[in-house]
Engineer: 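Please read through the structure below; I'll follow up with questions.
By convention here, the first residue in the shown sequence is residue 1.
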Amino acid sequence: MEIPLIDTILWPIKWVVELILVAWHYVWTFVGLDPAAGLTWVLSIVGLVLVVRAALIPIFVRQIKSQRKMLEVAPQLKKIQDKYRGKKDQFSREAMSRETMELYRKTGTNPLASCLPLLLQMPIFFSLFSVLNNAQKGQAGVGPLDANLGKQFGDATLFGVAPLHDTFIGSFNAGGPWQVMLIAGLMVVLMTASQFYTQLQIMAKNQSPEAKASPMYRQQRILLYILPLVFVFSGVAFPLGVMFYWLTSNFWTMGQQFLVIRNMPTPGSEAAKAREARLAKKGKLEPTKGAPAIETIPEAPKTTQRQQPVNKNRAKKQGDKK
């Protein structure tokens, strides 16, 4: 039987997903949970999220650094936009695109870096979807998820009525169970709300005035309302197990973003001013690097320039008297 190309590409990722999933399943079974219960498998999926997102922390740090660089080049980017404003001919558009890419190259910035963590997780989403789809059919996985575990995963249900492999669309077309539609609908709402709130935190609190004046900020505001719709249209077609992964990942992102904005805000943003106010209230606001040098400037004239004219005049008067 011919193996589809997508399965060949996802094979190593599916193997790792199964390894992490089965490892967490053994952990929860060891502490006394029913190995065939839906809750056990949901907690295993949550464990999978923790491992994957922890592994993506270095990439998230690079994302933050890239965003800071984008803020630094925002004024230069605006100059390029203003230079070609109103010019719609092909030559001007090509020139603007060329200058913009050259600016990105010189400054080492990448406007797509903010999407990198999500893009890297997409193969994992699809791999988990494939693992669940195979488990639904009672099939073994490509790695540690053997036939017995695959059947357990495929038959696992929440509250005894909501299979983890079922989808909102599937239950709707089949006329039930309504519990699947209720759980899936609630999770779609939570995923959409968490995604919107995470992006709103960035837009409202962690943007400098220069960034808010740039064309990129307007594009981000449009994405603020478009991206959550992805969850509305795609969430209803994903199995409950995949939706648990996605929702847990969203909560991780929301908490991670909150900590970054609170402790490492963008300079000049509302979050940075709020942090300075908190530190000042606690008496922990550190002085700027230039503060000590400014304080020592008045001391030098007292011992040199201010005393020299007086000493010369006195010396002259003493010489005249002699």
Engineer: Between I13 and S127, what is the shortest heavy-atom contact and its length?
Structural biologist: CG2-OG, 3.3 Å
Engineer: Under 3.5 Å, is there a donor-acceptor pair between the side chain of E99 and the main chain of I80?
Structural biologist: no
Engineer: Between K151 and D155, is there a salt bridge with N-O shorter than 4.0 Å?
Structural biologist: yes
Engineer: S171 and M181: which non-hydrogen atoms are nearest, and at how many Å?
Structural biologist: CB-CG, 3.8 Å
Engineer: Check this for me: does any side-chain nitrogen of one of K79 and D82 sit under 4.0 Å from a carboxylate oxygen of the other?
Structural biologist: no
Engineer: Would you call E276 and K273 a salt bridge, taking side-chain N to carboxylate O under 4.0 Å as the test?
Structural biologist: no
Engineer: So which atom in M243 and which in G235 form the shortest heavy-atom distance, rounded to 0.1 Å?
Structural biologist: SD-O, 3.2 Å
Engineer: How close do F168 and A184 get, counting heavy atoms only, and between which atoms?
Structural biologist: CB-CB, 3.8 Å
Engineer: Search all heavy atoms of L149 against all heavy atoms of Y26 and return the closest pair with its distance.
Structural biologist: CD1-OH, 4.1 Å
Engineer: Indicate yes or no for a side-chain donor-acceptor contact from E18 to the backbone of G143 under 3.5 Å, with no hydrogens or angles considered.
Structural biologist: yes
Engineer: CZ of F196: more than 12 outside heavy atoms within 6.0 angstrom?
Structural biologist: yes
Engineer: Between the side chains of T253 and R53, is a donor N or O closer than 3.5 angstrom to an acceptor N or O?
Structural biologist: yes
